[in-house]
Amino acid sequence: MTIVSSPDRNWLAEIHPTVREAQPSGIVEVFDYGRGRQGLIPLWVGEGDLPPPASVSEAVKASLDRGETFYTAQAGIPPLREAIAAYMTRVYGVAPGGGAFNPESFFVTIGGMHAIEIATRLTLGPGDEALIPSPAWPNFVGAIETSGARAVPVPLGRVGRWSLDPNRLADAVTPATKVIFLNSPANPTGFIATREEIAATLALARERGLWIVADEIYGRLTYDGARAPSFHDVMALDDKILFVQTLSKNWAMTGFRVGWLEAPPALGPVIENLVQFTTSGVPVFTQRAAIAALNDGESFLSSQIERFRRSRDILCDGLAATGRVRFCEPEAAFYLFFQVDGFPDSRALALRLIDEAGVGAAPGSAFGPGGEGHLRICFARDPTQIEEATRRILRWLKK
Ligand code: PMP
């Protein structure tokens with residue numbers, strides 16, 4: 001006999017309210033609505049259409065052939081921690097406090113999302129508050145609120161470019177504030193915080209004793225040839241900063257689920273505990289893939305940026321020519337966050353674009369205050385496909 005639960009059982013009443021009340025991602029809702037539609041061009045999630053460099057997949061196969069299928073070090077395998085430190089020294093120059101980056105500062109995670117989850121556990125608990133410049137990627141709010149803390153959005157400014165006003169951040173600080181989450185370059189806006197904005201945020205954090213969680217995963221996906229300004233450029237050794245990083249975007253490795261948290265080495269035992277109690281570690285074969293990407297991935301990264309730039313220009317030029325679409329041109333990352341005149345309800349607009357134009361975009365309402373009225377399109381795809389998506393939107397707008 002199969003035992004089934006009663007249809008009247010209210011399971012949601014039985015679980016903890018902090019997780020029951022967490023808002024679902026508004027991106028997922030639209031994605032579920034349009035998933036599997038014939039001929040639809042899916043531009044709603046933050047990933048491209050290319051496989052990673054061949055050396056990355058080969059590293060996985062070689063690892064499996066060597067039988068690397070067992071539990072492993074909670075902080076990550078030493079050769080990956082060393083490869084991350086060498087990569088960081090190459091890209092960011094000196095480490096906080098001077099010299100080369102220390103492998104002991106890097107903790108391998110299941111993608112950037114797991115690094116965000118650990119950073120949240122390290123800094124926040126029930127009743128605490130975290131400031132988030134918004135619009136922002138909804139998973140920050142999700143991680144914060146499922147920990148029992150409260151996410152406090154702080155609107156980004158918008159005068160020609162998106163901008164971060166340190167006075168607005170300062171005004172939002174209360175005795176319960178413990179951390180500022182700053183994602184720069186940002187999803188969904190493509191905003192890059194200037195060195196001055198980063199320095200002012202750090203000054204505020206120092207003055208008020210706050211942590212900073214710096215999500216700099218798009219730091220190399222910029223269109224002016226340089227990496228984006230980083231907290232690494234302005235921080236001192238003792239600053240309370242946790243960095244989130246991932247292999248997902250630079251090397252087209254979203255499905256590998258590997259990233260890292262950078263933190264003071266003295267927190268190592270606590271972070272290893274948190275890894276143990278959440279995922280119990282990252283598969284060795286994906287860590288081998290990460291080493292390959294960090295060591296040999298520069299030309300792949302440059303070619304991705306060139307491809308994204310072409311797609312960005314096609315999309316921005318096409319939409320700008322309509323005179324009905326408003327946006328700040330993205331300076332980095334691979335998202336266009338735009339408004340269409342006369343369409344204030346972004347969820348309704350995203351659903352109509354699926355049904356009537358065959359294009360999947362994420363609704364701006366999913367990105368918190370300041371996001372409503374916008375759509376986010378990920379242009380990390382083949383320029384010919386972005387050209388076709390642009391054509392479809394233009395045709396739809398003309399109707
Ligand atoms: N941070 C930001 C700002 C992101 O946009 C994303 C992915 N969309 C992540 C972190 C997480 O990346 P991962 O796939 O490595 O978990």
Side-chain angles (χ1 to χ4, degrees), residues 25-28 30-31 42-50 52 56 76 80 84 106-120 130 132-144 151 153 156 162 164 179-193 212-222 228 230-231 242-262 275 278-279 282-283 286-287 289-290 293-294 297 301 304 308 330-337 361-362 364 366-368 371 376-381:
S25 163
I27 308 174
V28 173
V30 170
F31 175 81
L43 307 176
W44 35 38
V45 292
E47 67 182 346
D49 54 352
L50 289 181
V56 166
L80 176 53
I84 296 171
F106 301 103
F107 301 89
V108 181
T109 55
I110 300 283
M113 188 59 229
H114 186 214
I116 292 169
E117 171 67 17
I118 292 179
T120 304
I132 307 191
S134 294
W137 186 49
N139 290 29
F140 296 117
V141 176
I144 291 162
L156 284 169
W162 294 94
L164 181 65
V179 54
I180 302 170
F181 278 67
L182 184 58
N183 169 217
S184 171
N187 172 5
T189 52
F191 150 74
I192 304 183
I212 287 171
V213 175
D215 178 329
E216 300 188 350
I217 74 161
Y218 297 105
R220 302 206 55 210
L221 293 176
T222 62
S230 162
F231 278 98
L242 301 168
F243 290 90
V244 171
Q245 268 299 349
T246 180
L247 281 286
S248 288
K249 315 285 176 164
N250 289 354
W251 294 286
M253 290 171 65
T254 48
F256 283 70
R257 314 304 309 129
V258 57
W260 70 82
L261 180 74
E262 179 186 339
V275 170
T278 49
T279 61
V282 178
T286 57
Q287 298 196 52
L294 293 172
L301 175 58
Q304 283 230 99
F308 299 159
E331 304 165 45
F334 42 49
Y335 305 103
L336 181 67
F337 201 57
F367 301 91
R376 187 196 72 177
I377 277 184
C378 170
F379 54 80
R381 299 182 82 88

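Whatever order the structure lists ligands and atoms in, that order sets their numbers, starting from 1. Heavy atoms only: backbone and side chains are in, while hydrogens, waters and symmetry mates are out.
Contact analysis puts G112 in contact with ligand 1, with a non-hydrogen atom separation below 4.0 angstrom. Residue contacts with ligand 1 do not include T254, since none of its heavy atoms lies under 4.0 Å from the ligand.
In this structure, the side chain of W251 engages the main chain of G297 through a donor-acceptor pair within 3.5 Å. Between the side chain of E117 and the backbone N or O of A143, no donor-acceptor pair lies under 3.5 Å.
With values rounded to the nearest 0.5 angstrom, L43 atom CG is found 12.0 Å from Y335 atom OH.
If you number the atoms of ligand 1 from 1 as listed, the ones under 4.0 Å from a heavy atom of S248 come out as 13 (P), 14 (O), 15 (O). Of all the atoms in ligand 1, the ones that sit under 4.0 Å from a non-hydrogen atom of N183 are 3 (C). Interface of I217 with ligand 1, defined as ligand atoms under 4.0 Å from a residue heavy atom, comprises 1 (N), 2 (C), 4 (C), 6 (C), 9 (C), 10 (C).
On a distance-only criterion, G111 and ligand 1 share no N/O pair closer than 3.5 Å. Ligand 1 has an N or O atom lying under 3.5 Å from an N or O atom of R257, backbone or side chain.
Counting heavy atoms from C-beta outward, N187 and F367 have side chains that approach closer than 4.5 Å. Residues P283 and R257 are not in side-chain contact: their nearest non-hydrogen atoms beyond the backbone lie 4.5 Å or more apart. Between L80 and W260, the closest side-chain pair of non-hydrogen atoms is not below 4.5 Å.
Protein heavy atom in closest approach to atom 8 (N) of ligand 1: K249 NZ, 2.9 Å. Atom 1 (N) of ligand 1 has D215 OD2, 2.5 Å as its closest protein atom, hydrogens excluded (heavy atom only). Of the protein's non-hydrogen atoms, W137 CH2, 3.5 Å is the one closest to atom 11 (C) of ligand 1.
Residues meeting the side-chain contact (heavy atoms from CB on, under 4.5 Å) test with A214, sequence neighbours left out: I212, E216, F231, I241, F243.
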